[in-house]
There are 2 protein chains.
Amino acid sequence: MLSKKTKYGLKALTYLASVDSKEPVQIAEIAKNENISQKFLESILLTLRRNGFLGSKKGKGGGYYLIKKPEEIQMTSVMRVLEGPIAMVPCVSLNFYEKCDDCPDENKCSVHKLMLQVRDSALEVYRNNTLADLIS
Amino acid sequence: MLSKKTKYGLKALTYLASVDSKEPVQIAEIAKNENISQKFLESILLTLRRNGFLGSKKGKGGGYYLIKKPEEIQMTSVMRVLEGPIAMVPCVSLNFYEKCDDCPDENKCSVHKLMLQVRDSALEVYRNNTLADLIS
DNA sequence: CTTTTACCCTATAGTTTTAATAGATTTTAA
DNA sequence: TTAAAATCTATTAAAACTATAGGGTAAAAG
């Protein structure tokens, strides 16, 4: 299951990308238009900012704005920041690798074998989609 | 993340397929060889039996055995039974469809668009893998 | 100096996961 | 017919995670 955090984060990014102005957009506006709990969205936007996707401006006329062009924002990086590892099992994760404690030999593990394929296919999708692709 | 339930279920199925005899295999043997909590495995094997993957025999010399040939067990059905929907969002699920309450129009939803692709790519993997493929 | 906004920290209800516990039931074999 | 070997069933519980709410702080603008 995709967490609501990721879902809302993606929606917020899309919203900012489609607004397309470089004027900051307020949290409240995004929350209202995308039907998201404002407080929850607040924390999501914060992590998106901390991870280099968004910039922010405080005070009147403040808000959030995209730092990069939508074409330059790959879904791989968005997913990793919001949802965590793309792999369904740590032992096939590129960025978050961990050995399974119950598994003596990864190369003989059926789960490993299957999940490697699932990871690769998911990666291909995420690599082929930028934020710009999700708008059109 | 793949649940341990699914992981263990897959391992158990693989074990049964690789044993290859039609003699029932005891839970304890599977649990020991695959490093799985026996009681947990018990409930997993039960759901696999209830869903037509396994047969069981009680009493001395009892245990679990595959009902179908490994070549006939598709990963799509195994995953749906153990892990649930293959889609990451209900609104793109084939077998468990549900409308998002926050989303006025699915066709314009960026999340929908992306997750549709992810689902399709995952489905392709699961459809191309039977239990037999995971052994070799 | 007041308003508006993002920022930050904490708590919490609810759900899901991952089992552990205890026993009931069925079958086989001595 | 008894005992042992298994599966079955139900209940409970700890832990982790999710999705939010509340309340206060800091900064920017006018």
Side-chain angles (χ1 to χ4, degrees), chain A residues 1-12 16 23-32 34-51 53-67 81-85 88-90 96 98 100-102 111, chain B residues 1-12 16 23-32 34-51 53-67 81-85 88-90 96 98 100-102 111:
Chain A
M1 270 295 146
L2 194 75
S3 67
K4 296 216 169 174
K5 181 180 171 186
T6 304
K7 188 184 181 189
Y8 294 163
L10 280 171
K11 284 194 167 192
L16 288 173
E23 292 301 297
V25 178
Q26 292 143 32
I27 297 176
E29 180 183 333
I30 304 175
K32 192 182 166 193
E34 298 290 346
N35 298 304
I36 303 172
S37 142
Q38 176 162 347
K39 270 296 183 181
F40 193 20
L41 182 58
E42 214 175 293
S43 72
I44 297 169
L45 293 177
L46 212 50
T47 76
L48 285 173
R49 196 213 57 180
R50 286 184 180 134
N51 283 280
F53 295 100
L54 300 179
S56 68
K57 200 182 162 193
K58 287 183 183 176
K60 196 164 192 173
Y64 282 97
Y65 50 90
L66 285 179
I67 277 188
V81 161
L82 292 175
E83 190 73 5
M88 294 183 79
V89 177
F96 303 85
E98 243 177 276
C100 299
D101 29 333
D102 61 309
V111 179
Chain B
M1 271 293 146
L2 196 73
S3 68
K4 297 218 166 170
K5 181 180 172 187
T6 304
K7 188 184 180 188
Y8 293 163
L10 280 171
K11 284 194 167 192
L16 288 172
E23 291 301 297
V25 179
Q26 293 141 32
I27 297 177
E29 182 184 332
I30 304 174
K32 193 183 166 192
E34 299 290 347
N35 297 303
I36 303 173
S37 146
Q38 176 164 345
K39 269 298 182 185
F40 192 20
L41 181 58
E42 224 174 286
S43 70
I44 297 168
L45 294 177
L46 213 50
T47 76
L48 284 173
R49 198 212 57 180
R50 289 185 177 132
N51 284 280
F53 295 101
L54 301 179
S56 68
K57 201 182 162 192
K58 288 185 181 177
K60 200 166 191 175
Y64 283 96
Y65 51 91
L66 285 179
I67 277 188
V81 162
L82 292 174
E83 189 74 5
M88 294 182 79
V89 176
F96 304 85
E98 245 178 273
C100 298
D101 30 331
D102 61 309
V111 178

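Here the structure is a predicted model, which means the values were calculated and not measured. Order of the sequence lines sets the chain letters (A, B, ...), proteins ahead of strands, with each chain counted from 1.
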side-chain contact (heavy atoms from CB on, under 4.5 Å) assessment of B/R49 paired with B/Y64: CA-CA 8 Å; B/R49 198 212 57 180; B/Y64 283 96; 4.1 Å; yes
Criterion side-chain contact (heavy atoms from CB on, under 4.5 Å) on A/L82 and A/L48, from CA distance to verdict: CA-CA 8 Å; A/L82 292 175; A/L48 285 173; 3.9 Å; yes
Full working for salt bridge (charged side-chain N to carboxylate O under 4.0 Å, His left out) between B/K39 and B/E42: CA-CA 5 Å; B/K39 269 298 182 185; B/E42 224 174 286; 3.2 Å; yes
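Taking both residues in full, the closest heavy atoms of B/G55 and B/I67 are given as N-CG1, 3.5 Å, listed atom of the first, atom of the second, then distance.
Whole-Å rounding puts the A/M88 CE to C/dT17 P distance at 12 Å. Rounded to an integer number of Å, the gap from OH of B/Y65 to C1' of D/dA6 is 14 Å. Atoms CD (A/E29) and P (C/dA6) sit 10 Å apart, rounded to a whole Å. The distance between atom CD of B/E42 and atom C1' of D/dT11, rounded to the nearest whole Å, is 14 Å. Between B/I44 atom CD1 and C/dA19 atom P there is a gap of 8 Å when expressed in whole angstrom units. Distance, A/Q26 CD to D/dA29 P: 14 Å, rounded to whole Å. The interatomic distance linking B/K60 (NZ) with D/dT1 (P) rounds to 20 Å, in whole Å. Remark: C1' of C/dT21 and CD of B/Q38 are 14 Å apart, rounded to the nearest angstrom.
Proximity note for A/L46 (side chain, C-beta onward) versus D/dA26, C/dC8, C/dT4: the nearest is C/dC8.
Counting non-hydrogen atoms under 4.0 angstrom, B/I27 reaches the backbone sugars and phosphates but no base.
Along DNA chain C, the nucleotide closest to A/R49 and the one closest to A/G59 are compared, and the more 5′ of them pairs with A/G59. When each of B/Y64 and A/K57 is assigned the nucleotide of DNA chain D bearing its nearest heavy atom, the one mapping closer to the 5' terminus is B/Y64.
Ion pair A/D102/B/K11 flagged as a salt bridge, since at least one NZ, NE, NH1 or NH2 atom sits closer than 4.0 Å to an Asp/Glu carboxylate oxygen.
A/Q38 is linked by a side-chain hydrogen bond (donor to acceptor under 3.5 Å, both in side chains) to nothing, counting only residues two or more places apart in sequence or in another chain.
For D/dT7, the OP1/OP2 oxygens have no side-chain nitrogen or oxygen of B/R50 closer than 4.0 Å.
Considering only heavy atoms from C-beta on, B/L45 comes within 4.5 Å of B/I30 through its side chain.
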Scan nucleotides 13-20 of chain D against the protein and return all N/O pairs shorter than 3.5 Å with their distances rounded to 0.1 Å.
unit_1 : atom_1 : unit_2 : atom_2 : d
D/dA19 : OP1    : A/K4   : N      : 3.1
D/dA19 : OP2    : A/K4   : N      : 3.2
D/dT20 : OP2    : A/Y8   : OH     : 3.4

